[in-house]
Chemist: 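Structure in structure tokens, see below.
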2 protein chains.
Amino acid sequence: MEQLLSNIRIQINENLYIKDPESSNLGSQIVTQGIELIKEIGFEQFTFKKLAKRIQSTESSIYRYFENKHKFLLYITSLYWSYMEYRLVIATNSIQDCTQKLMKAIEIVTGTPENLSLSLAINQLALREIVIEEFTKAYHNKAVDDENKKGFFQVYKRLVFRLVEMIQHVNKDYLYPRSLASSVIDGALHQHYLAMHFQNITDCDSEEKTCQFFKNIVSNQLNLATNEFN
Amino acid sequence: MEQLLSNIRIQINENLYIKDPESSNLGSQIVTQGIELIKEIGFEQFTFKKLAKRIQSTESSIYRYFENKHKFLLYITSLYWSYMEYRLVIATNSIQDCTQKLMKAIEIVTGTPENLSLSLAINQLALREIVIEEFTKAYHNKAVDDENKKGFFQVYKRLVFRLVEMIQHVNKDYLYPRSLASSVIDGALHQHYLAMHFQNITDCDSEEKTCQFFKNIVSNQLNLATNEFN
DNA sequence: ACAAATTTAATAGTATTACTATCAAAAAAA
DNA sequence: TTTTTTTGATAGTAATACTATTAAATTTGT
């Protein structure tokens, strides 16, 4: 799997950057160090000026790669969801049994990524933390509809669609396959966030429990398509 | 219920404001018009300067009530969760059967509030929209732990606790009562947001479906405490 | 009704943010 | 080695997120 991925180029929506950051050393510095910096100080406190100082470059140079920090966040979170999608496909592709396939998918989607060797030397764990802490801000804004039209959330949605398909494959009569899929992906992020900051409103104090919680919900939902409270 | 609530004063954490906005006309203008303005232009674009202009007052006057716009957001979302808690208690208190009580609670928590007559003439629907669009930003920040210690999220957590108790009352052996409760409350907001901006990754195109989706999950989870994928 | 206290308005000012513009130096490509 | 592209250095602007000061208006106590 490592070899496989190290040769893979992740395609990110072209409108998220001005100049492809993978095309130069400065560009990849911006991405890798930008991730580290956001993880350290949070997206709110993050500025291109601070990043420029850290990589010993200038604000104006960074602006030649990214229009603003919002698009930078969209760029790096798209990277994350791309890696996630890739991992999902690799891990589930060979599984025949559709239920097992779905369960594997939930493991991938709710779990911590291994730090894979990729084209860019990105700190995957830092990136994951950023997604947990900040991704929600990337799509909660007044321009969502416009940005959505431009395909800025394509990768994320494609991941949800993959889960939806797996769910439908297990039980084609289930009434809420899309809500269930989006709930698992967003819910996992939320439970991880709670585990870090609001321990008393979650039971997910370990990776395994988080995974179990969602596997439990999904399998229950799909085995029992109807319930007594309709 | 309307009479009941019109006499009720909602207590909000004192550190969220400098001067109690309910203590003066200007204060309530700040709150009611602030809610309208945030709904219209979004929290990102919202500034005290713009609000001052709208209520024909000044920036400095608003700063005498709230330290900054982040605390203002925490204040109004606390108001929302307080109303929600109040509605929950009123609606479920008299129900004897614990399963029915829980189902009623889910209806309240996932549904749209009626526009109740309260001490402050707040646009409840606008406030709900704000919570759906912006609440996640209120607790996704680098100061969460500190703010959590100061009790800024007390009301929200208390609401979750109430749901947790109801869940445990229905099935005391269920392994994830807290994760389930927090998932319902946060998940409902998320599904509502998707319904507005990402229709293709949700099945919740109506209030009823959203409610059904979560009732379905909760009842399934509590009737079947174990599952075959352990 | 009047003085005292409190609240608000008006104005000014500061540091930081989020950019844009220009031009020269450095590096890469032809 | 010349041309093109990329980067660095510097400067500048409008807006944001505040703080401070003082005068005017309003409220309160007696």
Side-chain angles (χ1 to χ4, degrees), chain A residues 14-34 37-38 40-76 120 134 137-138 141-143 146-147 152, chain B residues 14-34 37-38 40-76 120 134 137-138 141-143 146-147 152:
Chain A
E14 286 187 351
N15 295 309
L16 286 180
Y17 52 83
I18 296 168
K19 191 181 159 174
D20 186 0
E22 292 203 47
S23 72
S24 75
N25 187 261
L26 180 63
S28 41
Q29 278 284 96
I30 291 171
V31 173
T32 56
Q33 293 302 307
L37 187 54
I38 292 177
E40 284 169 26
I41 64 177
F43 185 65
E44 258 59 62
Q45 309 305 315
F46 171 81
T47 66
F48 282 170
K49 198 171 193 173
K50 290 178 187 170
L51 177 56
K53 198 180 171 190
R54 175 189 262 249
I55 63 176
Q56 297 187 113
S57 180
T58 56
E59 233 184 324
S60 52
S61 297
I62 297 174
Y63 274 108
R64 252 176 242 115
Y65 285 84
F66 293 98
E67 221 178 300
N68 51 51
K69 71 175 189 170
H70 172 64
K71 288 206 174 167
F72 182 68
L73 180 62
L74 287 174
Y75 180 87
I76 61 172
L120 271 155
E134 326 279 5
K137 295 171 197 167
N141 74 82
K142 278 280 162 184
D146 184 49
E147 295 184 350
F152 292 178
Chain B
E14 285 186 351
N15 295 309
L16 286 179
Y17 52 81
I18 296 168
K19 191 182 158 174
D20 186 359
E22 293 204 46
S23 72
S24 76
N25 186 262
L26 179 63
S28 41
Q29 279 284 96
I30 291 169
V31 173
T32 56
Q33 293 302 307
L37 187 55
I38 292 177
E40 284 168 25
I41 64 177
F43 184 66
E44 259 58 63
Q45 309 305 315
F46 171 81
T47 66
F48 282 170
K49 198 171 191 172
K50 290 176 187 169
L51 176 55
K53 199 180 170 190
R54 175 189 261 249
I55 62 176
Q56 296 186 117
S57 178
T58 58
E59 232 185 326
S60 52
S61 297
I62 297 175
Y63 274 108
R64 244 174 256 114
Y65 285 85
F66 293 99
E67 220 178 301
N68 52 51
K69 73 175 188 170
H70 172 64
K71 287 206 175 169
F72 182 68
L73 180 62
L74 287 174
Y75 180 88
I76 63 173
L120 270 155
E134 325 280 5
K137 295 171 198 166
N141 74 82
K142 276 281 162 183
D146 183 50
E147 294 184 350
F152 292 179

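Since this is a predicted model, take the numbers as computed values, not measurements. Reminder, nothing fancy here: chain letters follow the sequence lines and each chain counts from 1.
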Chemist: Assign Glu44(B) to base, sugar-phosphate, or nothing according to its heavy-atom contacts below 4.0 angstrom with the strands shown.
Modeler: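 Glu44(B): no heavy atom of the nucleic acid under 4.0 Å.
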
Chemist: Tell me whether the count of non-hydrogen atoms from other residues, nucleotides or ligands lying under 6.0 Å of NZ in Lys142(B) goes above 12.
Modeler: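 It does: Lys142(B) NZ has more than 12 such atoms within range.
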
Chemist: Base, sugar-phosphate alone, or nothing: which one does Tyr65(B) contact when heavy atoms must sit under 4.0 Å apart?
Modeler: sugar-phosphate

Chemist: Considering every strand and a 4.0 Å limit on heavy-atom distances, what is the contact class for Tyr63(B): base, sugar-phosphate, or nothing?
Modeler: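 Counting heavy atoms under 4.0 Å across all strands, the contact made by Tyr63(B) includes a base.
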
Chemist: Assess the pair Phe46(B) and Phe72(B): is the distance between their ring centroids shorter than 6.0 Å?
Modeler: yes

Chemist: Just the rounded figure in Å: distance from P of dA18(C) to NE2 of His70(A).
Modeler: 13 Å

Chemist: What contact category does Glu67(A) fall into here, base, sugar-phosphate, or nothing, at under 4.0 angstrom with non-hydrogen atoms?
Modeler: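 Answer is sugar-phosphate: Glu67(A) comes under 4.0 Å of backbone atoms only.
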
Chemist: Could you tell me how far apart Glu59(B) (CD) and dT11(C) (C1') are, to the nearest whole angstrom?
Modeler: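 In whole Å, dT11(C) C1' and Glu59(B) CD are 12 Å from each other.
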
Chemist: So do the side chains of Pro21(B) and Ile30(B) get within less than 4.5 Å of each other, counting heavy atoms only?
Modeler: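 The answer is no; the side chains never approach within 4.5 Å.
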
Chemist: In whole angstrom, what separates Lys53(A)'s NZ from dT16(C)'s P?
Modeler: 12 Å

Chemist: For dT8(C), does OP1 or OP2 lie under 4.0 Å from any side-chain N or O of Ser57(B)?
Modeler: no

Chemist: Can you pull the contact range of chain A along DNA chain D, 5' to 3', using atoms under 4.0 angstrom from its heavy atoms?
Modeler: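 Under 4.0 Å from chain A, the extent on DNA chain D is dT6(D) to dT10(D).
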
Chemist: With axes from five pairs an end, tell me the bend angle of the helix from dA1(C)-dT30(D) to dA30(C)-dT1(D), nearest 10°.
Modeler: 30°

Chemist: Measure from OH on Tyr17(B) to C1' on dT7(C) and round the result to the nearest Å.
Modeler: 18 Å

Chemist: Please figure out whether Ser60(A) or Lys50(A) has its closest DNA chain C nucleotide nearer the 5' end.
Modeler: Lys50(A)

Chemist: Counting only side-chain nitrogens and oxygens, does Thr58(B) get under 4.0 Å of the OP1 or OP2 atom of dA10(C)?
Modeler: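 Checking Thr58(B) against dA10(C): no side-chain N or O falls below 4.0 Å of OP1 or OP2.
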
Chemist: Categorize Thr47(B) for me: base, sugar-phosphate, or nothing, with a 4.0 angstrom heavy-atom threshold over every strand shown.
Modeler: sugar-phosphate

Chemist: Could you check Arg64(A) against Lys49(A) and say which one's nearest nucleotide on DNA chain C is further toward the 5' end?
Modeler: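 The residue whose closest nucleotide sits nearer the 5' end is Lys49(A).
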
Chemist: Please check if atom NZ in Lys50(A) has more than 12 non-hydrogen atoms from other residues, nucleotides or ligands closer than 6.0 Å.
Modeler: yes

Chemist: Please tell me whether His70(B) and Glu147(B) have a donor and an acceptor in their side chains that are separated by less than 3.5 angstrom.
Modeler: yes

